[in-house]
Protein chains: 2
Amino acid sequence: MSDFAPTEARLRNTIQKYPAFPREPAVLVRLVKHLYKEVHDEANAVMRPYGLNHPEYNILMMLYGAPGNAMNPSQLADAAGEKSANVTRLTTRLSEMGFITRAASEDDRRKVELTLTPAGVELIETFLPDIVTLLHRQTRNLSMLEQAQLEGLLKKMLAGFGG
Amino acid sequence: MSDFAPTEARLRNTIQKYPAFPREPAVLVRLVKHLYKEVHDEANAVMRPYGLNHPEYNILMMLYGAPGNAMNPSQLADAAGEKSANVTRLTTRLSEMGFITRAASEDDRRKVELTLTPAGVELIETFLPDIVTLLHRQTRNLSMLEQAQLEGLLKKMLAGFGG
DNA sequence: TATTGAATATACAGAAATGAACTATATACT
DNA sequence: AGTATATAGTTCATTTCTGTATATTCAATA
């Protein structure tokens with residue numbers, strides 16, 4: 001449970017030296033960063049016994065939630081927040097392990113269709129209980145109302161990106 | 001401005017197949033992940049012309065906010081959310097570039113003191129205008145009240161980690 | 001004061017991620 | 001049709017990161 005107070009202190013010093021530095025945006029960005037690191041590390045730890053890491057978990061879950069358990073690499077890159085070159089590597093490995101298949105698309109021959117295999121589905125449903133526990137733990141400090149509020153604010157912030 | 005609707009749809013499918021999967025915690029984690037990726041990529045893009053990347057920017061800013069512009073590697077690892085082995089590498093590079101110095105601590109000889117050089121401070125104050133612009137852009141959709149609410153909720157969530 | 005255990009930082013090898021270049025296919029335009 | 005432009009995916013070289021082992025110093029205590 002990393003303490004955020006030192007970050008606040010550093011930010012005060014920074015602003016004293018450089019008054020134009022915007023406190024609130026900087027706090028938000030640093031909080032997001034810290035939260036992500038925790039999420040990432042904890043997910044890695046949970047997945048390790050299954051021979052997977054956090055990005056691989058993500059890929060699998062995106063497919064699990066897709067119609068027909070299938071997606072293209074580019075959709076997957078977008079969904080999982082990975083660069084496309086990285087999706088190639090990740091899906092190659094998952095396919096070597098037998099959890100997904102790779103097939104050329106019929107209608108557009110540039111496209112590739114990645115599909116979960118039954119073994120992939122089985123694997124997912126094996127590790128999901130651990131993930132469910134993790135997710136509950138990671139949000140245990142927030143009431144349902146607070147979770148909903150947080151969701152709304154994060155979406156709003158995210159929507160402002162990329163301009 | 002990556003659209004979040006497909007994520008929601010995937011989550012609905014997932015829950016239909018696996019009802020125990022907690023929607024709200026999963027949404028929050030995915031939002032944090034997407035936000036972080038955007039923050040990371042955009043910061044990398046802004047820093048590139050200065051010959052730096054996002055983690056290096058972070059290291060420099062942590063030092064800039066520290067008393068005496070100095071910290072130990074372990075403090076820095078905690079502050080910047082980097083693994084300590086990575087801090088060694090990052091600070092070695094920054095020191096080779098002349099932006100920080102590395103010195104053995106007087107009182108505890110296990111410790112190392114990393115300090116910003118004048119060149120480091122100058123560099124920071126050169127790129128800060130671009131960062132300030134970036135930070136404002138990344139939070140432009142949120143009112144000041146919303147930013148404060150978001151800060152509170154993120155802190156609360158973060159405080160629940162690590163148990 | 002020895003000894004044991006904890007803390008700090010680094011080294012190193014292997015794994016993961018990135019950016020840029022490239023191939024192949026599809027779409028738009030004239 | 002023919003040419004230019006855009007899109008999908010991969011490859012490759014390089015950079016970045018991680019986990020683990022190790023060296024050194026400090027702290028506690030018997």
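Residue numbers start from 1 in every chain, and the chains themselves are labelled A, B, ... in the order their sequence lines are given, proteins ahead of strands.
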Let me know the distance between [atom1] of [X] and [atom2] of [N], rounded to the nearest Å.
X	N	atom1	atom2	result
Leu114(A)	dA8(D)	CG	P	14 Å
Glu82(A)	dA15(C)	CD	C1'	14 Å
Glu56(B)	dC17(D)	CD	C1'	13 Å
Met47(B)	dT18(C)	CE	P	18 Å
Leu76(B)	dT8(C)	CG	C1'	14 Å
Lys83(A)	dA20(C)	NZ	P	11 Å
Leu90(B)	dT16(D)	CG	P	8 Å
Asp41(A)	dG19(D)	CG	C1'	12 Å

Relative to the 5' end of DNA chain C, which residue comes earlier, Asp107(A) or Asn53(A), by the nucleotide with the nearest heavy atom?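 Looking at the nearest nucleotide for each, Asn53(A) comes out on the 5' side.
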Report the residue (Ala85(B) or Gln75(A)) whose heavy-atom-nearest nucleotide on DNA chain D is the more 5′ of the two.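 Looking at the nearest nucleotide for each, Gln75(A) comes out on the 5' side.
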Position toward the 5' end of DNA chain D (nearest nucleotide), His40(B) or Val112(A):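 That would be Val112(A).
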Below 4.0 angstrom from OP1 or OP2 of dA24(C), is there any side-chain N or O of Arg109(A)?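 So the side chain of Arg109(A) is outside the cut-off, no N or O lying under 4.0 Å from OP1 or OP2 of dA24(C).
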Of all the choices, [options], which nucleotide is nearest to the side chain of [X] once you look at every atom?
X	options	result
Arg48(B)	dA9(C), dA20(C), dT25(D)	dA20(C)
Pro55(A)	dA17(C), dT18(D), dG19(D)	dA17(C)
Thr88(B)	dT11(D), dT10(C), dT16(D)	dT10(C)
Pro73(A)	dC12(D), dA9(C), dG9(D)	dG9(D)

Check: Arg10(B)/Asn13(B) side-chain N/O donor and acceptor closer than 3.5 Å: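 No, no side-chain donor-acceptor pair sits under 3.5 Å.
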Ignoring hydrogens and angles, state whether a donor on the side chain of Ser105(B) or Asp107(B) is under 3.5 Å from an acceptor on the partner side chain.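 There is such a pair between these side chains.
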Evaluate whether atom CD of Glu122(A) has more than 12 neighbouring non-hydrogen atoms of other residues, nucleotides or ligands under 6.0 angstrom away.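 Not buried by this count: 12 neighbours or fewer within 6.0 Å.
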Measure distances between side-chain N and O atoms of Arg110(A) and base N and O atoms of dT7(D), and say whether any donor-acceptor pair falls under 3.5 Å.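 Such a pair exists between side chain and base.
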Touch check for [X], heavy atoms < 4.0 angstrom, all strands: base, sugar-phosphate only, or nothing?
X	value
Ser84(B)	base
Asn44(B)	nothing
Arg93(B)	nothing
Asn86(A)	base

Is it true that the NZ or CZ of Lys33(A) lies under 6.0 Å from the centre of Tyr36(B)'s six-membered ring and within 45 degrees of the ring axis?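 Cation-pi check for Lys33(A) and Tyr36(B): fails.
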Determine, stepwise, if the pair Thr92(A) / Arg102(A) fulfils side-chain hydrogen bond (donor to acceptor under 3.5 Å, both in side chains). CA-CA 8 Å; Thr92(A) 298; Arg102(A) 196 190 277 277; 2.8 Å; yes
Would the Phe127(A) and Tyr57(A) ring centres measure less than 6.0 Å apart?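 Between Tyr57(A) and Phe127(A), which both carry aromatic rings, the centre distance is below 6.0 Å.
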